Structure formats: structure tokens, C-alpha cells
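Contents: one structure, followed by commentary.
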Number of protein chains: 2
Amino acid sequence: MPRLAEVFRSHGYEGATLALISQATGLGKGSLYHFFPGGKAQMAAEVLAGIDSWFEVNIFTPLRTSDDPARAVATMVGAVDSYFQSGHRMCLVGVIALGASRDTFAGQVQDYFRRWNDALALVLRRSGLSASVARRRSADALVTIQGALVLARALDDSRVFGQAMADMTTRLLAKPD
Amino acid sequence: MPRLAEVFRSHGYEGATLALISQATGLGKGSLYHFFPGGKAQMAAEVLAGIDSWFEVNIFTPLRTSDDPARAVATMVGAVDSYFQSGHRMCLVGVIALGASRDTFAGQVQDYFRRWNDALALVLRRSGLSASVARRRSADALVTIQGALVLARALDDSRVFGQAMADMTTRLLAKPD
DNA sequence: CAGAGATTGTACCGATCGGTACAGCGAGTC
DNA sequence: GACTCGCTGTACCGATCGGTACAATCTCTG
């Protein structure tokens, strides 16, 4: 499964051919279609679901249940930085959102970002921010993460990612303006 | 050419099949390969070059030659908003940066963002910012634009893009911290 | 050890991929 | 009207696409 995810991550949905998948996982087509009768679409859907549940456990839930906003944000940033390997690893959800396969997985993609956004806004509200400011800042954080991944990869410079994460943290924790 | 660009934009490099290109442009394969003997790669390269020169004329040069930073930033934001149709249109350069075809066009992609970054940092320095702050803010702006495009598309909500552009403008023009 | 069910490799399917070859077409030139 | 030459449609190429069929093989239970 992790191998499968990595293929989609680095080749996109249309670029991830069954030959590549077969090679990366070490499984023949027979096995692949035994476990995923729905073919490529099902593989991608399950990978997305796996990512979703990783984020649910490691990011969303900690945000929702935290009683210390500053600490919660710091934890999130740490988890994000390690998950995306400081900008070297792509966000599959973002990659799919940009591709032609977006429509097929629109629901899952939307759900993922929406839940992240809600969880982050919740913890920001708890820090004393108004609902509108909290939502604005949480959306800004997601924008920054996705943009930092794009730009770091485009410029082939992971310092861009690190700097963006630092700036984002400052902005998230700034006192209400 | 604009039709060609739109095919790559909405399907990505690998997703843009010759059949789609032929249909979108109304040209048969014969004509396509007459104008682009290098095939798909040449088409994409020329589309990228076209985008690059559009940004050079409409964004980069105005930034470099402006003597009023606030006005220059406002003009850039306006041009960006109209070019990306308030978040409904994708950034082909970003799309390619994320795809498997990244390596093929790495030079062009890198050049595009680097020149944008340099031009924006220049105008920020002119507004009185130190070199390091100017570069940090300009990179932040590019991150925000790319991220806003990703998130707006993922959430299918162009308000995300508008809000991000507004926040970004404020940040770019804020007094030195 | 026998039998059942899960798992696998391999051959194969029609469709489509990017790309080539080439015969024709029309608009100019002499 | 013959000739060229830039352009176009079409037929075709081998390779690969996602997917199927199925026999062979494992593995586990009794």
C-alpha cells in the first residue's frame, strides 16, 4: 500500500500505469486485480482513504482535541513537515485535485481539505479568534502548505518549504488584528 | 495556440493526448506534426514559452519598471486574478511542476518562478524592505498564489482564491516588521 | 494427505497511445 | 496550364494502455 501510494504521488493518476504499479509493488496484474477488482480507480480511492485516515489520526484529531492552541499548531506543523519530508514529498490529494482525474475523486478531495480546515479553524477559535478570522487563517494555512509544496518542487529548493512553514506558523499564532 | 495551452492546462502533460489536442485545435495530426516536428514535447515547450512571455510582458516587466511599489503590487494582483480567472483557471507551470513530466521542463519551470520572484523582490526592496525580507515576502506571494489555485480547485470554491489574494496583498504591503 | 479457497503468473483482449509515411490539396509563380 | 511548395487528412506503425480469463500454485483447515 505505501508503495502504491508513492507511485500515484510521483506520477499522478494518469501517469501511474499498471506496469509501474506492478513493478513498484512487486505484484502481478493477477494479484492487483484480485485485491482491487475495481482496477486503478479503486487503488487510487483506497490510497486516498489511507492518506485521509493518516491525517485524521495524526493531524485532525489532535487539532480538535487540543486545549493548547499554540502547542496544537506547532504539533501540526511538525507532523506536516515530517509527512511531506520538508517539501520533498508531494501531496497526493493536491496532485489529484489539479489533474484531469479530479472529478472522479472530487468528493474525497473536498472532504479531506474541508475536515482539515474545520479542525484547524476550531483550534484557532479556541485561542480566542473570531469565527471569521479563524476560518480565514486556517484556509490561509492550507493554501500555504499546498503552495509551498508546489513552489519547492518547481524551484527544486526545499528551503522554500521550510520558510513558508515558519511564516505560516507565525501568522497562525499572531494576536488578533 | 491558446486552445493548445488550454488542453495542457486542464489535462496535464500526460493527460493531453494527441486525440484531445487534435480535437481542441481542429487540426489533424498531419498539421500538428508539420508545425511541431518535435511532437508533444515541443508543443508543451512552446506553450510554456508563450505563457512565460505573457507573464514577462504583463507581470514581470511592469514590476521591474515600476516606481510605485504599492501600485505595482496592486497591478500584479489584478493581472493575476484576471489571468487565472479568479481561481477557475489552472497554472500550467505549476501543473507541470507537480507531474511526472517535471524533469523534461524543469529548466523552463524554474526560470519562470525565479524571474517572477526576482521581479517581485526588486519592487519590494524599492519600497524600503531589506533584501532578505523582500525575498521572503515575494516567495510567500508565489506560494500563496499557487496554493490558492490548488485549494480553490480542490474545494471548488473560488472565494478561497479571492480571499488569499486579498490577504497576500496586505502582507506584501505591510510595513517592515 | 485431501480438498477448498485464496493468491499468483501469464497469455491475451480491444482500444488507444505517440509518431510516421505519404498522397493529395490549394494557392501562388512562371 | 504546368510546377512548386506549404499544408492537410488518412492510413498505418509498433508499443503500451487498462482490463480479463484462467490455469497453476500456494496455504490453510480438517
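Sequence lines set the chain letters: A, B, ... in the order given, protein chains first and strands last, and positions in each chain run from 1. On a predicted model such as this, the values are computed, not experimentally measured, just so you know.
The residues Asp140(B) and Arg171(B) are annotated as salt-bridged, a charged nitrogen and a carboxylate oxygen being separated by less than 4.0 angstrom. A salt bridge does not link Glu14(A) to Lys40(A): none of the charged nitrogens lies less than 4.0 Å from a carboxylate oxygen. A salt bridge links Asp52(A) with Arg115(A): at least one charged nitrogen is closer than 4.0 Å to a carboxylate oxygen. A salt bridge links Glu6(B) and Arg9(B); the closest N-O separation between the charged side-chain nitrogens and carboxylate oxygens is under 4.0 Å. Using a cut-off of 4.0 Å between Lys/Arg side-chain N and Asp/Glu carboxylate O, Arg137(A) and Asp167(B) are scored as not salt-bridged.
Rounded to a whole Å, the CD1 atom of Ile21(A) is 10 Å from the P atom of dC17(D). Between the P atom of dG19(D) and the CZ atom of Phe36(A) lies a distance of 13 Å, rounded to the nearest Å. Atom pair His34(A):NE2 and dA6(C):C1' shows a separation of 5 Å (rounding to whole Å applied). Atom C1' of nucleotide dG19(C) and atom CD of Gln42(B) are separated by 14 Å, given to the nearest angstrom. A straight line from NZ of Lys40(B) to C1' of dC17(C) spans 9 Å, rounded to a whole angstrom. Whole-Å rounding puts the Leu18(B) CG to dC17(C) C1' distance at 8 Å. Rounded to a whole Å, the CG atom of Leu32(A) is 14 Å from the C1' atom of dT10(C). When the C1' atom of dC17(C) is taken as reference, atom CE of Met43(B) falls 13 Å away, rounded to whole Å.
Across dC12(C), dG18(C), dT8(C), the shortest atom-to-atom separation from the side chain of Lys29(A) is found for dC12(C). Between dG18(C), dC17(D), dG18(D), one nucleotide has an atom nearer to the side chain of Ala19(A) than all others, and that is dC17(D).
Within the nucleic acid shown, Gly28(B) comes within 4.0 Å of sugar-phosphate atoms alone, with no base atom in reach, counting heavy atoms only. Heavy atoms of Ala16(A) sit under 4.0 angstrom from primed sugar atoms or phosphate atoms, though from no base atom. Tyr33(B) comes within contact range of at least one nucleobase, with a heavy-atom separation under 4.0 Å.
Residue-to-nucleotide proximity on DNA chain D shows that, of Pro37(A) and Leu20(A), the 5′-proximal contact is made by Leu20(A).
Residue Thr17(B) places none of its side-chain N or O atoms closer than 4.0 Å to OP1 or OP2 of dT16(C).
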